[in-house]
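Bear in mind the structure is a predicted one, so any value in this text is a computation, not a measurement.
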Amino acid sequence: MKKLVNTSFAYLIFALISGVFYREFTKFNGYTGKTTLGVVHTHLFILGVLLFLILALFAKDLAGRLNMKKLNRFYWLHHIAMILFSATLLTRGIIQVKNMNLSSSKNAMLSGIAGVSHILITVSLILFFGLIKDFIKNSEDK
């Protein structure tokens, strides 16, 4: 459970940093339009902070009955997905603020990485709900 709370706290730090970066980077560049930088902060809070806090609350009561293999599979897959996801959002946002033109191949590559990250997050969320179902089942057996 401590690992999950620490992970949630780490995502909190990253979420706060991304929020400050969004505010300061757009202000420094005189950008007033919409950009994907504005959603990095929110995504990190919800998919990082809240998700791991919820998992920690469930895990608190069932520490001895956790399927550690499933938990580790979810844990690492979700981190990989969030790194790719956040990196593509940040990259796309910086490109928007700087008004950079990407070649069609670079744009396609960035979109492809974003697509893969969405697929990985979807799989990790399915694993997350499987863990929650296991927690509920184990608590009913208790």
Check your understanding: Counting only N and O atoms by type, is there a donor-acceptor contact under 3.5 Å from the side chain of Asn29 to the main-chain atoms of Phe25?
Key -> yes
Practice item. Can you label the angle between the Phe85 ring and the His43 ring as parallel, tilted or perpendicular, going by 30° and 60°? Key: tilted
Exercise for review: Would you mind reporting whether Thr91 and Ile95 have side-chain heavy atoms less than 4.5 Å apart?
Suggested key: yes
Study note, to complete from the structure: Correct closest heavy-atom pair for Leu55 and Ile132 would be CD1-CD1, 4.2 Å
Review point. Can you check whether His41 and Phe21 have ring centres sitting under 6.0 Å from each other?
Key: no
Review point. Should Phe74 and Phe52 be marked as a ring-ring contact (aromatic ring centres under 6.0 Å, His included) after you check the CA-CA gap, both sets of side-chain angles, and the distance that decides it?
Key: CA-CA 11 Å; Phe74 157 75; Phe52 283 101; 5.7 Å; yes
**Study point:** Joint cluster assignment, Ile83 & Val40, ILVMFWY side-chain distance < 4.5 Å
**Key:** no
Study note, to complete from the structure: side-chain contact (heavy atoms from CB on, under 4.5 Å) test vs Leu77 passes for just one of Val123, Ile121, Asn72, namely Val123
Practice item. Give the minimum heavy-atom separation between Ala81 and Leu120, together with the two atoms involved. Key: CB-CB, 3.5 Å
Review point. Can you hop from Ile126 to Val116 via hydrophobic side chains spaced under 4.5 Å?
Key: no
Review point. So, Thr7 and Tyr75: side-chain donor and acceptor under 3.5 Å apart, yes or no?
Key: yes
Check your understanding: Is the shortest heavy-atom distance from the side chain of Met82 to the side chain of Leu44 under 4.5 Å?
Key -> yes
Check your understanding: Considering only heavy atoms from C-beta outward, does the side chain of Leu50 approach that of Phe45 to under 4.5 Å?
Key -> no
Check your understanding: Between the side chain of Ser124 and the main-chain N/O of His78, is any donor-acceptor distance below 3.5 Å?
Key -> no
**Study point:** Minimum side-chain heavy-atom gap Tyr22-Thr35 below 4.5 Å
**Key:** yes
Check your understanding: Hey, are the side chains of Ile46 and Thr42 touching, using non-hydrogen atoms and a 4.5 Å cut-off?
Key -> yes
Check your understanding: Quick check: does any side chain N or O of Thr26 sit under 3.5 Å from a backbone N or O of Arg23, one acting as donor and the other as acceptor?
Key -> yes
Point to revise | For Ala56 against Val5, the heavy-atom pair lying closest together | key: CB-CG2, 3.8 Å
Practice item. Verify side-chain contact (heavy atoms from CB on, under 4.5 Å) between Leu125 and Leu51, making sure each step is shown before the conclusion. Key: CA-CA 9 Å; Leu125 290 174; Leu51 193 79; 4.1 Å; yes
Check your understanding: Is the Tyr11 ring parallel, tilted or perpendicular to the Phe14 ring (thresholds 30°, 60°)?
Key -> perpendicular
Practice item. Mind listing the closest non-hydrogen atom pair of Ala15 and Ser18 along with its distance? Key: O-OG, 2.8 Å
Check your understanding: Is there a path of hydrophobic side-chain contacts, each under 4.5 Å between heavy atoms of I, L, V, M, F, W or Y residues, that connects Phe28 with Met100?
Key -> no
Review point. Between Ser111 and Arg92, is any side-chain donor less than 3.5 angstrom from a side-chain acceptor?
Key: yes
**Study point:** Approximate separation, where rounding is to 0.5 Å, of Met109 CE and Ser103 OG
**Key:** 8.0 Å
Point to revise | side-chain contact (heavy atoms from CB on, under 4.5 Å) evaluation trace for Leu127 with Arg73 | key: CA-CA 8 Å; Leu127 292 172; Arg73 190 176 305 140; 4.1 Å; yes
Review point. Going hydrophobic residue to hydrophobic residue with side-chain gaps under 4.5 angstrom, can you get from Ile13 over to Leu89?
Key: yes
Study note, to complete from the structure: To the nearest 0.5 Å, atom CD1 of Ile94 lies from atom CG of Asn99 at 14.0 Å
Review point. Under 6.0 Å from the NZ atom of Lys3, do we count more than 12 heavy atoms belonging to anything else shown?
Key: yes
Check your understanding: Hey, is the main chain of Leu84 close enough, under 3.5 Å, to the side chain of Ser117 for a donor-acceptor pair?
Key -> no
Exercise for review: Search all heavy atoms of Lys34 against all heavy atoms of Gln96 and return the closest pair with its distance.
Suggested key: O-OE1, 4.4 Å
Review point. Mind checking whether Leu16 and Leu12 have side chains closer than 4.5 Å, heavy atoms only?
Key: yes
Exercise for review: Report yes if some heavy atom in the side chain of Lys27 is under 4.5 Å from a heavy atom in the side chain of Glu24; otherwise report no.
Suggested key: yes
Check your understanding: Is Val49 reachable from Ile54 through a run of hydrophobic residues whose side-chain heavy atoms are each under 4.5 Å from the next?
Key -> yes
